[in-house]
Amino acid sequence: PAIMAMSDSAPKCSECLWCSDTQFMQKHLWQYLKSFDTKTATIKNDKWIEQAIRSLSYCMDCVEVYHQLVEEAFNIDPQFKAKRSYFLELVNKSNTVRLRESFSCALENITTDCMTGSEEDEQQYSQLSQYRSHTIDCPIRELLKFPKLLMSHELNEQLAATIEHQEEIDQLPRINDKYPGIYLLLVHPNHKVIHGKIVCQPIFSFLLLYSVSMLFC
């Protein structure tokens, strides 16, 4: 089936590889995954692989396409079926490595330095903040939309630490979508995550809509 674009995507640019050249990525998915195999790292420096990894750090359309291609590959691709356990291990490893780097890079770029107050500085700061919000927004959304990723203890802890950090500096992305991962956060051992905006906003919106609908039943 054709892969449709998502409605909750971050702004695209010319580097979006998964959603702009899906057929190419479908054909070379196994090569992309094998680039994370330390025993066969000869193709890891290919530019298209670096571009593919970078695309997944800011474009939710690319993220959606990637996960759909992986699912389809395990269902219909003979190569993936024959070496299911091997490719499954690579998928888990690639997701962990990629998302860990996405979070690390995004958090390193986020600063709370005071600006000089000039109009030009404020405009540049506003543009930069918008870019940073998209870079941190994408990995958070991916983990919440595909909660199987949270089975990784490392990614689970990374998400909790990121949410807590972003709450403290008041730069947490506003997420109104009712992603399945949000409901998992309701039982998270970190109470700051449970009571944070990322959980309360969508849950409150759902309860409000449900209450209003019940009034007219």
Side-chain angles (χ1 to χ4, degrees), residues 1-6 8-10 15-106 135 137-163 177 179-185 187-189:
I3 298 174
M4 303 300 292
M6 292 172 56
D8 54 352
S9 61
E15 291 187 343
C16 286
L17 192 57
W18 298 87
C19 64
S20 64
D21 200 350
T22 303
Q23 289 185 341
F24 174 85
M25 292 309 302
Q26 185 176 33
K27 182 179 179 180
H28 295 86
L29 179 62
W30 69 275
Q31 287 180 281
Y32 166 79
L33 293 174
K34 287 189 71 173
S35 71
F36 290 89
D37 187 344
T38 54
K39 297 179 182 179
T40 57
T42 56
I43 59 173
K44 194 166 186 177
N45 292 325
D46 285 3
K47 288 186 177 180
W48 72 265
I49 292 179
E50 295 177 1
Q51 185 178 344
I53 296 173
R54 190 163 53 247
S55 299
L56 294 172
S57 70
Y58 58 77
C59 177
M60 277 301 293
D61 282 334
C62 284
V63 169
E64 176 77 3
V65 170
Y66 161 72
H67 283 281
Q68 185 166 342
L69 288 181
V70 169
E71 182 179 354
E72 289 177 352
F74 280 109
N75 290 331
I76 64 177
D77 192 319
Q79 186 172 215
F80 277 74
K81 285 184 175 183
K83 298 182 178 181
R84 182 178 181 83
S85 59
Y86 169 70
F87 279 107
L88 186 60
E89 182 180 350
L90 285 185
V91 168
N92 293 333
K93 182 177 181 179
S94 67
N95 289 336
T96 300
V97 171
R98 172 177 58 80
L99 284 164
R100 182 181 62 211
E101 291 302 312
S102 293
F103 277 117
S104 297
C105 292
T135 56
D137 178 281
C138 195
I140 290 177
R141 283 181 178 272
E142 182 175 2
L143 287 177
L144 296 178
K145 185 157 190 176
F146 301 96
K148 285 185 179 180
L149 295 170
L150 294 175
M151 293 178 66
S152 164
H153 177 74
E154 182 178 353
L155 292 181
N156 198 319
E157 291 299 310
Q158 182 77 72
L159 176 62
T162 301
I163 290 175
D177 307 84
Y179 293 139
I182 290 178
Y183 298 96
L184 290 180
L185 297 184
V187 293
H188 199 280

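Numbering of residues begins at 1 and proceeds along the displayed sequence.
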Q: Are there over 12 heavy-atom neighbours, none belonging to Glu71, within less than 6.0 Å of that residue's CD?
A: no
Q: How far apart are the closest heavy atoms of Ala73 and Phe80, and which atoms are they?
A: O-CB, 3.4 Å
Q: Quick check: do Glu72 and Gln68 have side-chain heavy atoms less than 4.5 Å from each other?
A: yes
Q: Contact between Leu149 and His67 at the side-chain level, heavy atoms closer than 4.5 Å - yes or no?
A: yes
Q: Could you work out, with ring-ring contact (aromatic ring centres under 6.0 Å, His included) as the rule, every residue matching Phe103, not counting sequence neighbours?
A: none
Q: Phe146 versus Glu64: any side-chain heavy-atom pair under 4.5 Å?
A: yes
Q: Taking atom CG of Leu99 and atom CD of Gln158, what is their separation to the nearest 0.5 Å?
A: 9.0 Å
Q: Please find the pair of heavy atoms, one from Leu17 and one from Gln51, that lie closest to each other, and give the distance.
A: CD1-NE2, 4.0 Å
Q: Could you grab the distance from atom SG of Cys62 to atom CD1 of Ile53, nearest 0.5 Å is fine?
A: 13.0 Å
Q: Determine the minimum heavy-atom distance between Leu56 and Cys138, stating which atoms define it.
A: O-SG, 3.7 Å
Q: Are Cys59 and Cys19 close enough that some pair of their side-chain heavy atoms sits under 4.5 Å apart?
A: yes
Q: Mind listing the closest non-hydrogen atom pair of Tyr32 and Trp48 along with its distance?
A: N-CH2, 3.9 Å
Q: Give me the ring orientation class for Trp18 and Tyr66: parallel if the planes are under 30° apart, tilted from 30 to 60°, perpendicular past 60°.
A: perpendicular
Q: Supply the atom-to-atom distance Met151 CE to Asn92 CG, rounded to the nearest 0.5 angstrom.
A: 8.5 Å
Q: Starting at CD1 of Ile163, measure out to CG of Leu144 and round the result to the nearest 0.5 Å.
A: 6.5 Å
Q: Establish, yes or no, whether a centroid distance under 6.0 Å links the rings of Phe24 and His28.
A: yes
Q: Please check if the number of heavy atoms outside Glu157 that lie under 6.0 Å from its CD is greater than 12.
A: yes
Q: Restricting to non-hydrogen atoms, name the atom on Leu184 and the atom on Leu150 that form the minimum distance, rounded to 0.1 Å.
A: CD1-CD1, 4.2 Å
Q: How long is the gap from OG on Ser152 to CG on Leu159, to the nearest 0.5 Å?
A: 11.0 Å
Q: So Phe36 and Thr96, do their side chains get closer than 4.5 Å, heavy atoms only?
A: no
Q: Any non-hydrogen side-chain atom of Asp77 less than 4.5 Å from a side-chain atom of Trp30?
A: no
Q: Where is the tightest heavy-atom contact between Asn75 and Lys81, given as atom of each residue plus distance?
A: O-CE, 2.7 Å
Q: How long is the span from the NZ atom in Lys145 to the CD1 atom in Ile182, to the nearest 0.5 Å?
A: 11.5 Å
Q: Do Cys16 and Tyr58 have side-chain heavy atoms sitting under 4.5 Å apart?
A: yes
